[in-house]
Amino acid sequence: MLETLLKERNLPALMTMKDGSPVTAENWCARRRELLDTLAREEYGVMPEKCGETTFREIRRDRIAAGVAVEHLVEVTFPTPDGASFTFPAAIRIPDIASAENPLPAFVYISFGFPKYDPNEELANEGVIIAEFVMNAVAHDGEDHYATLLSPHLFEDGKRPPDGTGKIGMWAFAASRLLDVLLTFDCVDPARIGVVGHSRLGKTALWAGANDERFTHVFSNDSGCSGAAITRKKIGETFPRIANVFPYWFCENMQTVSASIEASESTDFDQHFLLAACAPRKVYVASASEDDWADPTSEFLSCCAASPAWEILGLKGFVTPDRLPEPWDTLAEGNVGYHLRPGTHFLSRHDWIRYIRYIKQ
Ligand code: GTR
């Protein structure tokens, strides 16, 4: 059944190199590079360059989560291409049981700011570290003509080349700089580091994780259009609509790709390329059953379509019964994980608990 549903989407071939040769375990690295280059050029823009060492300074320390974890408020500073530097705040929350002898898994969490639900107690009790920063402290989530925060350090006089990064790329770049900091803590287990984001930040988590191989686990929550969801025949939000309403999330070239539904469905890529670019690392996609704007079915089918990237490497890809998922389904056996939560567009306790389980399994 799933094969038929996938065929209807008429996807560009993931497992064929640009020169027409088949993708194998031997040329997977080269194929991954092709996927990232295509997505950078056509959709998100080229990731900013890392220009030197990231540093940080602790501003404040508080005991949290009923007294079993410590929150370090820090300022993260990194050098920028214009010869200056950029600083943004972050919170690193470490359970007391973490130590060099007992290193714990960690999440870099790209957040909206004041979440309705924060999983600090669950994380502390389960022994997981979280490093969180707020997107608007790095790049303004609105049309600022690239004149505020990180943008002017990247583009002279706000002049962004056609493949210059959009805001998604800037937030993703900041996630990697926070990861630089996290990796200086000897109580962090570098073999279990996830990046997590919801919605527009789920798109960001995927782009961050696809690019930065130090992220061993990539979690996309309800990321929808230009996130996990396949674009071809997607319901809800479409490429033309997202590029029109949120042009600053993407590069200028995305405007051509999304000029019409026809244009967006005849590109040489689709969003399963983004999931596959995480291989051989783990990627996990979560959907919510009432989130038609994001389109759970297109998010799920993307996992099916990306799976061959792991399989060619001799790994378990996406393990699913041959049917569409039902609410409450969690498919976490393979290196591609998925769950369908009942309910609406949100990053909920249900989602976090499954991310914690997946990174610990
Ligand atoms: C919507 C947008 C979606 C999604 C969402 C969010 O307005 O159309 O792509 O990103 O915002 O980030 O909450």
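For ligands, and for the atoms within them, numbers begin at 1 and follow the listed sequence.
- At a 4.0 Å cut-off, at least one heavy atom of Lys203 sits close enough to ligand 1 to count as contact.
- In this structure, atom 7 (O) of ligand 1 lies nearest to the protein heavy atom Phe246 CZ, 3.4 Å.
- Classification of the Phe86-Phe78 ring pair by plane angle, with boundaries at 30° and 60°, yields tilted.
- In this structure, Trp207 has its ring center at least 6.0 angstrom away from the ring center of Phe250.
- Considering backbone and side-chain N/O of Glu237, one or more are found under 3.5 Å from N/O of ligand 1.
- Comparing Met135, Arg200, His198 against atom 12 (O) of ligand 1, the shortest heavy-atom distance belongs to Arg200.
- Every atom of ligand 1 is numbered from 1 in the order shown, and the set under 4.0 Å from a heavy atom of Ser199 is 4 (C), 5 (C), 6 (C), 10 (O), 12 (O), 13 (O).
- Taking any N or O of Trp249, backbone or side chain, none lies under 3.5 Å from an N or O belonging to ligand 1.
- A salt bridge is defined here as a Lys NZ or Arg NE, NH1 or NH2 lying under 4.0 Å from an Asp or Glu carboxylate O, and Lys233 with Glu8 fails to meet this definition.
- Between Arg341 and Asp222, at least one side-chain nitrogen of the basic residue sits less than 4.0 Å from a carboxylate oxygen of the acidic one, meeting the salt-bridge criterion.
- Taking 4.0 Å as the cut-off between side-chain N and carboxylate O, Glu237 and Lys234 do not count as a salt-bridged pair.
- Using a 4.0 Å cut-off between a side-chain N of Lys or Arg and a carboxylate O of Asp or Glu, Lys167 and Asp141 do not qualify as a salt bridge.
- Listed by number with element, the atoms of ligand 1 under 4.0 Å from a non-hydrogen atom of His345 are 13 (O).
- Taking every non-hydrogen atom of Ile242 and a distance limit under 4.0 Å, the qualifying atoms of ligand 1 come out as 9 (O).
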